[in-house]
Number of protein chains: 2
Amino acid sequence: MHETAELLKEHHLKATPQRIKIVSMLEEYGHINIEDLYSEMLKQFPSVSLATIYKNINQMIESGLIQEVKIPKTKSVFELIKEPHLHMVCENCGKIEDICVGTDKVIEEAERLSGYRIKESFITLRGTCPECR
Amino acid sequence: MHETAELLKEHHLKATPQRIKIVSMLEEYGHINIEDLYSEMLKQFPSVSLATIYKNINQMIESGLIQEVKIPKTKSVFELIKEPHLHMVCENCGKIEDICVGTDKVIEEAERLSGYRIKESFITLRGTCPECR
DNA sequence: GGCACAAAAGAAAATTATTTTCTTTTAAGC
DNA sequence: GCTTAAAAGAAAATAATTTTCTTTTGTGCC
């Protein structure tokens with residue numbers, strides 16, 4: 001059995017063709033929004049329902065397989081959960097890239113200044129990518 | 001004329017009572033979502049329309065007076081634009097606090113690693129506040 | 001202070017996004 | 001292969017946001 005199916009099973013989700021496709025797309029594209037997910041799915045599953053997309057995305061979030069990335073001024077995208085990273089968004093071409101830079105410093109200082117115990121960090125930086133300059 | 005009206009004028013927005021109230025609330029609460037904005041407005045303007053809230057919020061965003069803060073797992077809030085800061089969200093009580101900690105280090109390093117020219121940073125940290133521990 | 005007018009408010013309808021319900025289909029264990 | 005709980009799909013329902021249109025009002029100007 002291929003790995004994507006395994007991944008779903010580990011998260012207590014039945015490995016349906018639609019789900020396998022969703023996860024494959026997340027692996028392929030890294031970040032994808034509902035609209036693109038749906039139109040890509042339609043190519044392979046002409047009768048797929050948007051409800052199926054939403055239901056699956058929500059289940060995958062609940063099971064801890066993926067997370068929503070809310071981006072200022074843009075539609076949310078979804079991504080597989082992996083090691084901590086930050087998001088670079090190009091305001092020109094819309095591309096989103098992960099940067100695995102140590103965010104420990106900000107977190108540490110914010111924790112000290114605020115007295116909060118920080119569990120998760122969501123960092124999105126906007127600017128222009130090298131190709132758009 | 002009071003300062004809030006001045007602020008609106010500077011942003012080329014007519015100083016209507018409804019707008020003055022919205023800005024006052026943003027000043028008072030710091031962060032507020034559409035729902036709370038609406039229910040607070042209703043107390044003073046019983047016939048205010050949700051469309052008025054949305055239209056004004058959008059105009060204020062366009063004019064650069066406020067910005068939307070998209071928070072993972074929660075409704076967006078709006079805030080007056082001021083000096084750069086990050087957001088601390090308590091996952092227990094939902095409180096949102098601004099922390100004016102230098103985020104320059106991450107930005108600098110992300111810029112170096114990614115080759116992007118960064119213009120804006122959106123940093124949200126989730127955890128538990130001192131009162132909830 | 002009163003007038004003129006563009007802009008804003010409010011009401012209702014329209015659109016878009018998301019969720020729910022219900023029936024049919026299917027993956028997974030035996 | 002058979003059973004069954006879970007998932008897919010279709011359609012309706014709900015929620016969120018925007019648009020349209022008419023009435024009202026803030027602002028500049030006299």
Side-chain angles (χ1 to χ4, degrees), chain A residues 1-25 32-63 65-66 68-78, chain B residues 1-25 32-63 65-66 68-78:
Chain A
M1 183 182 292
H2 49 121
E3 39 186 303
T4 304
E6 285 297 349
L7 189 59
L8 285 165
K9 297 262 180 72
E10 282 162 23
H11 288 264
H12 309 292
L13 298 168
K14 268 169 86 170
T16 66
Q18 293 86 341
R19 277 186 186 148
I20 290 171
K21 178 67 180 175
I22 291 175
V23 174
S24 310
M25 293 174 69
I32 191 163
N33 66 32
I34 294 284
E35 195 184 344
D36 294 345
L37 209 42
Y38 183 50
S39 56
E40 280 293 300
M41 286 286 281
L42 277 175
K43 294 178 189 169
Q44 191 167 332
F45 305 94
S47 67
V48 73
S49 161
L50 249 181
T52 297
I53 311 276
Y54 278 110
K55 280 184 287 193
N56 278 321
I57 286 294
N58 288 333
Q59 285 166 327
M60 289 178 190
I61 289 172
E62 277 160 38
S63 77
L65 177 58
I66 69 174
E68 180 175 2
V69 181
K70 293 188 173 187
I71 302 175
K73 302 166 193 157
T74 327
K75 289 180 186 165
S76 288
V77 294
F78 299 86
Chain B
M1 183 181 292
H2 49 120
E3 38 183 308
T4 303
E6 286 297 349
L7 189 57
L8 285 165
K9 297 261 179 73
E10 283 162 23
H11 288 264
H12 309 293
L13 298 168
K14 270 167 100 171
T16 65
Q18 293 87 340
R19 278 187 185 146
I20 290 170
K21 177 67 180 176
I22 290 174
V23 174
S24 309
M25 291 174 70
I32 190 162
N33 65 32
I34 294 285
E35 194 185 344
D36 293 345
L37 209 43
Y38 182 50
S39 58
E40 279 294 300
M41 286 285 282
L42 277 175
K43 293 179 188 167
Q44 192 168 329
F45 305 93
S47 67
V48 74
S49 160
L50 247 182
T52 297
I53 311 276
Y54 277 109
K55 281 184 286 194
N56 278 322
I57 287 293
N58 287 334
Q59 286 166 327
M60 289 177 189
I61 289 172
E62 277 160 37
S63 78
L65 177 59
I66 69 173
E68 179 174 2
V69 181
K70 292 188 173 188
I71 302 175
K73 301 163 196 161
T74 327
K75 289 181 187 165
S76 287
V77 294
F78 300 87

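Convention: sequence-line order gives letters A, B, ...; per-chain numbering from 1. The model shown is predicted, which means the values in this text are computed figures rather than measured ones.
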Look only at the side chain of B:Lys70 and the backbone of A:Pro72, and say whether a donor-acceptor pair between them is shorter than 3.5 Å. no

Give one of base, sugar-phosphate or nothing for B:Glu35, where a contact means two heavy atoms less than 4.0 Å apart. nothing

D:dG26, OP1 or OP2 - any side-chain N/O from B:Thr16 closer than 4.0 Å? no

Could you tell me whether the phosphate oxygens of D:dT27, OP1 or OP2, come under 4.0 Å of any side-chain nitrogen or oxygen in B:Lys9? yes

Can a side chain N or O of A:Asn58 be found less than 4.0 Å away from OP1 or OP2 on C:dT19? yes

B:Asn56 backbone acceptor or donor facing B:Arg19 side chain under 3.5 Å: no

Need one value for A:Thr52: base, sugar-phosphate or nothing, where a base atom within 4.0 Å counts as base even if backbone is also close, heavy atoms only. base

OP1 or OP2 of D:dA7 sitting under 4.0 Å from any side-chain N/O of A:Gln59? yes

In whole Å, I'd like the distance from the CD atom of B:Glu62 to the C1' atom of D:dT17. 14 Å

Expressed as a whole number of angstroms, how long is the span from B:His12:NE2 to D:dG28:P? 12 Å

If you assign each of A:Lys14 and B:Lys75 to its closest nucleotide in DNA chain D, which residue comes earlier from the 5' end? A:Lys14

Over how many whole Å does the gap from B:Leu50 atom CG to C:dG10 atom C1' extend? 11 Å

Which nucleotide in the list D:dA8, C:dA17, C:dA9 gets nearest to the side chain of B:Lys55? C:dA9

Side chain of A:Arg19 (C-beta onward), nearest among D:dG9, D:dT18, D:dA7: D:dA7

Nearest-angstrom distance from the residue atom NE2 of B:His11 to C1' of C:dA7: 18 Å

Residues A:Ile34, A:Leu50; criterion side-chain contact (heavy atoms from CB on, under 4.5 Å); working and verdict: CA-CA 9 Å; A:Ile34 294 284; A:Leu50 249 181; 4.0 Å; yes

Under a 4.5 Å cut-off applied to non-hydrogen side-chain atoms, are B:Leu37 and B:Ile57 in contact? yes

For B:Gln18 and D:dT23, give me the distance from atom CD to atom P, rounded to whole Å. 18 Å

Atom CD of B:Glu10 and atom C1' of D:dT27: how far apart are they, to the nearest Å? 17 Å

Could you tell me the separation between the CD1 atom of A:Ile57 and the P atom of C:dA17, rounded to a whole number of Å? 16 Å

The side chain of A:Pro17 lies closest to which of these nucleotides: C:dA27, D:dG26, D:dT20? C:dA27

If we count only N and O atoms by modelled type, under 3.5 Å, do the side chains of B:Ser76 and B:Glu68 hold a donor and an acceptor together? yes

For the residue pair A:Leu65 and A:Val23, establish whether any side-chain heavy-atom pair is separated by less than 4.5 Å. yes

Check whether any side-chain nitrogen or oxygen of B:Tyr54 sits under 4.0 Å from OP1 or OP2 of D:dT17, and answer yes or no. yes

DNA chain D: B:Ile34 or A:Leu13, which has the more 5' nearest nucleotide? A:Leu13

Could you tell me how far apart A:Ile53 (CD1) and D:dA10 (P) are, to the nearest whole angstrom? 12 Å

Check this one for me: any side-chain N or O of A:Ser47 less than 4.0 Å away from OP1 or OP2 of D:dG9? yes

